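Reviewing the structure listed below.
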Amino acid sequence: MSKKRNWLIGLVAIVIIVFGASLFYSKEANKSQSTGQKTSSSSKTKLTNLPKGVKSTDWDLVLVNKWHPLSSEMNFEKATVSGATVDARIKQAVLDMQNGVRAAGYQTNLISGYRSIQYQQEVFANVKKNNLAQGMTVEQAQKATAAVVQEPGSSEHHTGLAIDIAGSDAFEKYPNLEANMDQFASQQWLIDHAADYGFVLRYPKEKSQIKQTGIDYESWHFRYVGVANAKYMKAHNLTLEAYVKALKAAGR
């Protein structure tokens, strides 16, 4: 009886030790995981070494989207490049990028630049009309149109800082402008080297970034932000929305 009692006591002690150790390691693991999550989250949101002298209010960082629409036309000096109108301050940058892609062995089409709010109203109405003709309801057509065309007042083209540019071969195959134009080497060159001339691919393809911009992936739409900003944004994979937010968070 004494032996049996001692055996039971020993068994209970072992169970207590094992259970206690399990709880300890479980807490430590959760603590470690929690710390890791906080660190990971912090590393995702914290941006360092922002370009010096840059402010969120700089002319080349003006933010126009469906959450920050324009109520009236912007006033700036306009210039013409390859038949497209742009803000005169970016004319040379557009020419330099065209020369760069030409030197790399590709021809390009500068499809569009500045658009007035009134013109954007016409573009939006035409796309919506096509969607309705395909059998969509009014609500569906509005939503589908807004996914690919900014509503009047919300388009970057109003700023004169945005251009639609494509490799001539890509544009020939997809004259209506489609995301998969990026299958062409000419379009990839533009995407890869735009930052060297102060431009960024404004509407990237990652879902998280589409949520930030409110516009589906456009492999042809580039926005001038200045060389320093463009290179920083490319290096950190930032949309203009995220970059401006980071600058404001830094008190700029």
Side-chain angles (χ1 to χ4, degrees), residues 60 62 64-65 70 73-74 76 78-131 144-205 210 213-225 230 240:
D60 51 4
V62 60
V64 176
N65 57 30
L70 296 173
E73 300 285 2
M74 294 182 66
F76 52 86
K78 300 176 179 65
T80 301
V81 184
S82 301
T85 301
V86 298
D87 186 315
R89 290 170 289 189
I90 75 166
K91 178 179 180 179
Q92 192 58 51
V94 176
L95 288 170
D96 290 343
M97 185 159 71
Q98 286 180 313
N99 291 333
V101 68
R102 188 180 301 114
Y106 306 110
Q107 296 298 316
T108 58
N109 284 51
L110 184 54
I111 303 155
S112 65
Y114 167 74
R115 296 178 196 156
S116 66
I117 294 177
Q118 180 180 353
Y119 180 76
Q120 190 70 15
Q121 290 173 337
E122 297 173 7
V123 172
F124 194 92
N126 287 334
V127 174
K128 183 177 179 179
K129 182 179 179 180
N130 289 335
N131 287 332
T145 304
V148 295
V149 179
Q150 291 282 25
E151 294 192 31
S154 302
S155 173
E156 272 205 327
H157 285 286
H158 301 328
T159 68
L161 302 176
I163 59 173
D164 291 341
I165 186 171
S168 297
D169 48 359
F171 185 58
E172 182 179 0
K173 184 171 182 180
Y174 301 106
N176 293 324
L177 303 182
E178 296 183 25
N180 53 8
M181 287 196 303
D182 63 7
Q183 297 172 357
F184 288 81
S186 57
Q187 204 65 29
Q188 277 299 326
W189 191 97
L190 288 167
I191 294 171
D192 293 340
H193 296 273
D196 297 334
Y197 305 93
F199 291 88
V200 291
L201 184 68
R202 182 65 177 90
Y203 304 121
K205 66 174 64 177
I210 291 175
T213 64
I215 288 289
D216 287 345
Y217 173 49
E218 294 186 358
S219 60
W220 63 88
H221 183 105
F222 295 86
R223 160 63 191 268
Y224 184 83
V225 294
L240 182 57

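Keep in mind the model is a prediction, meaning the values are calculated, not measured.
Here the OG1 atom belonging to Thr159 is positioned 6.5 Å from the CZ atom belonging to Phe76, to the nearest 0.5 angstrom. One distance of note links CD of Gln183 with CD of Glu178; it measures 9.5 Å at 0.5 Å rounding. We find the CD1-CZ distance between Ile191 and Phe199 to be 14.5 Å, quoted to the nearest 0.5 Å. Atom-to-atom distance recorded for Ser154:OG and Leu70:CG is 8.0 Å, nearest 0.5 angstrom.
When the shell of 6.0 Å around CD of Glu172 is examined, it contains 12 or fewer heavy atoms from other residues, nucleotides or ligands.
Between Arg223 and Val62 the shortest side-chain heavy-atom distance falls below 4.5 Å. When side chains are defined from C-beta on, Phe222 does not count as touching Val200, because their heavy atoms never get closer than 4.5 Å. Within the 4.5 Å cutoff, the side chain of Phe184 has heavy atoms near those of the Tyr174 side chain. Side-chain contact check for Leu161 versus Glu156: every heavy-atom pair is 4.5 Å or farther apart. When side chains are defined from C-beta on, Lys205 counts as touching Asp182, because their heavy atoms get closer than 4.5 Å.
The nearest pair of heavy atoms linking Ile117 to Glu73 is N-OE2, 2.8 Å. The two residues His158 and Gly153 make their nearest non-hydrogen contact at NE2-N, 3.0 Å. Considering every non-hydrogen atom in both Pro152 and Gln120, the closest pair reads CA-CG, 3.8 Å. Contact between Ala88 and Ala79 at its shortest, heavy atoms only, is CA-CB, 3.8 Å. Listed here is the closest heavy atom pair of Ala230 and Gly198: CB-C, 3.7 Å.
The aromatic rings of Trp189 and Tyr197 are tilted relative to each other, their planes meeting at an angle between 30° and 60°.
Panel note: side chain Glu151, backbone Phe124; no donor-acceptor pair is recorded below 3.5 Å. Looking only at distances, a side-chain donor or acceptor of Ser168 sits under 3.5 Å from a matching main-chain atom of Gln107. Distance alone, capped at 3.5 Å, is enough to place a donor-acceptor pair between the Gln187 side chain and the Ser219 backbone.
Under the 6.0 Å cut-off for aromatic ring centres, Tyr203 and Tyr217 do not qualify, their centroids lying 6.0 Å or more apart.
Among residues two or more places apart in sequence or in another chain, the side-chain contact (heavy atoms from CB on, under 4.5 Å) test is passed with Asp164 by Ile111, Ser112, Arg115, His157, Leu177, Trp220, His221.
For the pair Lys78 and Tyr114, the cation-pi test (distance below 6.0 Å, angle within 45°) is passed.
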Please list every donor-acceptor pair under 3.5 Å in which a side-chain atom of residues 89-105 meets a protein atom from a residue at least two apart or in another chain.
from	atom 1	to	atom 2	distance (Å)
Arg89	NE	Asp87	OD1	3.1
Arg89	NE	Asp87	OD2	3.3
Arg89	NH2	Asp87	OD2	2.8
Gln92	NE2	Asp96	OD1	2.9
Gln98	NE2	Ser82	OG	3.1
Asn99	OD1	Arg102	NH1	2.7
Asn99	ND2	Leu95	O	3.2

